[in-house]
Structures are given as structure tokens and as C-alpha cells.
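Sharing a structure, written as C-alpha cells. Questions coming.
Hydrogens, waters and symmetry mates are skipped; everything else that's a heavy atom, side chains included, is used. None of the values given here were measured: they were computed from a predicted structure.
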Amino acid sequence: MGAAAICCMMMSGVLLSACGSDDNDSGTPTKPDTFKSIVMEVKFMEPQEVLDVCEATVSVNGEEEAVTKAGWTKTVKSDVLPAYFSINVKMTKKSGKDWDPETSYTAYTCPVNYVIYTLTASGKKRTITESSNTSGTFKGGEKMDIMFKEFSNYSVNFTINNDFTM
């Protein structure tokens, strides 16, 4: 019985010493890191050789932009909850352009990558969600036409609700 009491006292000491305080090194209480905004970063993934054959427009939260160069990015944020985000991508072949049957093209399963994260008052980021993407390399022609049909009209919408917690 005595050994059990000693073990119990030792565990209590370990548990109590593991509890920290809300004080910083100066001994003053610290404020909790508060929500500042929700941020979405969008990056167009298709390479320049695809853009040479296609016209692409990306609409982020209703603001449409033509994508003419690879590496296009857009960042939007919301300082209020609920936060709403939308991405719409439209791609069409340019008039008189076609896939070169001898060229290898890289195509992605999704024409854009995105990441949505919280930003706190102190500047810390915490990822809420992000896309995953894979690519393949195809010779021009029929296979590229099939891939093009898959990624030529892409849309995704997000709502981050009021009950979101940091």
C-alpha cells in the first residue's frame, strides 16, 4: 500500500509540473493568439507550352484574369467569418492552334493548386486545406485532347464557417 501511495504522489507531481502558466519570461500574462484572417493562395499549374496552344482565364472570388504566362498566382483574404472562396478556370484552344504531335506536353489533373490557411494577429499560419495535384507527360494529339477536356472547365468553392476554431 505504501508503494502505491508513493507512485500516486510521484504522478501527481509530474502532472502538476507539466502544467505551464500563461506568463511569458517577464512574468506578465500573455494574450492568446487571435484570428486575423483566412487567406487563399492560388497558382496556375499548366506550363507555358500548354498556354501557347490554349487561352486560359482564372476567376478567383469573381475577379477574372487572363493567364498568359506560366507561374500565374493570386492571393485573396477575408478578415471576417464566414469566409467564402471560389476558383473557376476556363481553358479553350486558341483559334488555329493545335497540339504538336511530336511535342511532349505536361498536363496536370487540376489546372490550379491552392492552399487556404489562417493568419493570426502575430503572423502565424495554419493550413486549413490544400490541393494535391499530379501531372503526366503526353505526346500532342489525341491524348492531349482527352486531357484537355478533363481540365478545361474547373470549379471549386469553399466556405469557412463561423464555428471555425484556431
Side-chain angles (χ1 to χ4, degrees), residues 20 22 24 30-166:
D22 289 338
N24 57 24
T30 57
K31 293 181 182 177
D33 207 1
T34 57
F35 166 82
K36 181 178 178 186
S37 57
I38 303 284
V39 179
M40 180 174 71
E41 296 175 358
V42 181
K43 181 177 182 182
F44 189 80
M45 296 303 296
E46 299 303 334
Q48 192 62 46
E49 60 266 15
V50 171
L51 288 172
D52 291 343
V53 177
C54 301
E55 292 179 353
T57 58
V58 178
S59 175
V60 177
N61 287 0
E63 292 183 26
E64 187 174 280
E65 294 183 33
V67 178
T68 58
K69 296 203 184 289
W72 177 94
T73 61
K74 176 92 172 179
T75 301
V76 294
K77 71 176 190 161
S78 175
D79 295 333
V80 297
L81 293 173
Y84 304 98
F85 297 107
S86 66
I87 305 168
N88 295 295
V89 179
K90 300 243 187 276
M91 296 178 68
T92 57
K93 275 189 181 176
K94 292 178 180 176
S95 180
K97 292 282 188 169
D98 209 349
W99 309 110
D100 177 357
E102 299 304 314
T103 299
S104 293
Y105 295 91
T106 299
Y108 288 82
T109 56
C110 177
V112 293
N113 273 358
Y114 58 83
V115 61
I116 299 176
Y117 58 87
T118 59
L119 190 60
T120 64
S122 69
K124 291 181 185 172
K125 293 181 182 180
R126 190 180 95 192
T127 300
I128 298 171
T129 188
E130 61 188 327
S131 60
S132 62
N133 211 336
T134 57
S135 65
T137 303
F138 305 93
K139 285 280 192 181
E142 185 179 332
K143 285 187 179 182
M144 236 2 236
D145 279 335
I146 292 168
M147 279 300 296
F148 182 73
K149 286 178 187 176
E150 293 294 320
F151 63 69
S152 64
N153 193 5
Y154 173 83
S155 181
V156 64
N157 298 291
F158 301 96
T159 301
I160 311 300
N161 293 318
N162 291 344
D163 59 356
F164 171 77
T165 57
M166 296 288 288

- Item | Taking every non-hydrogen atom, the tightest pair across Ala70 and Glu46 |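 Ala70 and Glu46 have their closest heavy atoms at CB-O, 3.9 Å.
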
- Item | Pairs meeting criterion salt bridge (Lys or Arg N to Asp or Glu O under 4.0 Å) with involvement of residues 73-84, two or more places apart |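 Of all non-adjacent pairs touching residues 73-84, those that pass salt bridge (Lys or Arg N to Asp or Glu O under 4.0 Å) are Glu63-Lys74, Glu65-Lys74, Lys77-Asp79.
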
- Do any pairs count as a salt bridge (Lys or Arg N to Asp or Glu O under 4.0 Å) and have a residue in residues 83-94, sequence neighbours left out, and if so which ones?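 Every pair satisfying salt bridge (Lys or Arg N to Asp or Glu O under 4.0 Å) with a residue in residues 83-94: Lys93-Asp98, Lys93-Asp145.
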
- Task: Kindly state each residue pair satisfying ring pair (Phe, Tyr, Trp, His ring centres under 6.0 Å) with at least one member in residues 65-90, sequence neighbours excluded.
- Result: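 Counting only pairs at least two positions apart or across chains, no ring pair (Phe, Tyr, Trp, His ring centres under 6.0 Å) contact touches residues 65-90.
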
- Considering all heavy atoms, the nearest Val67-Leu51 contact: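 Answer, listing the atom of Val67 first, then Leu51: O-CD2, 3.7 Å.
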
- Message: Quick check: closest heavy atoms across Thr68 and Gln48, and the distance to 0.1 Å?
- Response: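 Taking Thr68 first and Gln48 second, the nearest heavy atoms are O-NE2, 3.3 Å.
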
- Quick one: does Thr159's side chain have a donor or acceptor within less than 3.5 Å of a partner on Asn161's backbone?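 No; judged by distance alone, with no hydrogens or angles, the pair does not exist.
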
- Message: Heavy-atom count check: over 12 atoms from other residues, nucleotides or ligands less than 6.0 Å from Lys97 NZ?
- Response: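 Result for NZ/Lys97: open.
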
- Nearest atoms (heavy-atom pairs only) where Lys36 meets Thr120: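 Smallest heavy-atom distance, with atoms named: CB-C, 3.7 Å.
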
- Quick one: list whatever passes salt bridge (charged side-chain N to carboxylate O under 4.0 Å, His left out) with Asp100, sequence neighbours left out.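 Residues passing salt bridge (charged side-chain N to carboxylate O under 4.0 Å, His left out) with Asp100: none at all.
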
- Query: Which heavy-atom pair separates Gly71 from Lys43 by the least distance, and what is that distance?
  - Reply: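 Looks like CA-CE, 4.2 Å.
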
- Tell me, please, which residues at least two apart from Tyr114 pass ring-ring contact (aromatic ring centres under 6.0 Å, His included).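 Partners of Tyr114 under the ring-ring contact (aromatic ring centres under 6.0 Å, His included) test: Phe158.
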
- Sequence neighbours excluded, which residues qualify as ring-ring contact (aromatic ring centres under 6.0 Å, His included) partners of Tyr105?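 In terms of ring-ring contact (aromatic ring centres under 6.0 Å, His included), with neighbours along the sequence ignored, Tyr105 is linked to Trp99.
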
- Approximate separation, where rounding is to 0.5 Å, of Glu49 CD and Thr103 OG1: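 So the gap between those two atoms works out to 8.5 Å.
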
- Item | Counterpart residues, side-chain hydrogen bond (donor to acceptor under 3.5 Å, both in side chains), relative to Ser155 (two or more places apart) |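 With sequence neighbours excluded, Ser155 shows a side-chain hydrogen bond (donor to acceptor under 3.5 Å, both in side chains) to Asn88, given in chain and number order.
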
- side chain to side chain contact (heavy atoms under 4.5 Å, CB included) with Lys125: which residues, sequence neighbours excluded?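 Listed in chain order: Glu41, Tyr117, Leu119.
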
- Message: Could you measure the distance from the CG atom of Leu81 to the CD1 atom of Ile160? Nearest 0.5 Å is fine.
- Response: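 Between Leu81 CG and Ile160 CD1, I get 8.0 Å after rounding to 0.5 Å.
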
- Message: Using every non-hydrogen atom in the two residues, find where Ala56 and Met91 come nearest and quote the distance to one decimal.
- Response: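 Heavy atoms only, the tightest pair is CB-CG, 3.8 Å.
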
- Of all residues at least two apart in sequence or in a different chain, which pass the side-chain hydrogen bond (donor to acceptor under 3.5 Å, both in side chains) check with Ser131?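 Ser131 satisfies side-chain hydrogen bond (donor to acceptor under 3.5 Å, both in side chains) with Asn113 once adjacent residues are dropped.
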
- Item | Derivation and outcome, side chain to side chain contact (heavy atoms under 4.5 Å, CB included), residues Met40 and Val60 | CA-CA 9 Å; Met40 180 174 71; Val60 177; 3.7 Å; yes

- Query: Looking at residues at least two apart in the chain, or sitting in another chain, which of them share a side-chain hydrogen bond (donor to acceptor under 3.5 Å, both in side chains) with Glu64?
  - Reply: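 Result, side-chain hydrogen bond (donor to acceptor under 3.5 Å, both in side chains) vs Glu64: none returned.
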
- Check side chain to side chain contact (heavy atoms under 4.5 Å, CB included) between Thr137 and all other residues, then give those that pass, not counting sequence neighbours.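 By the side chain to side chain contact (heavy atoms under 4.5 Å, CB included) rule, Thr137 matches Ser104, Thr106.
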
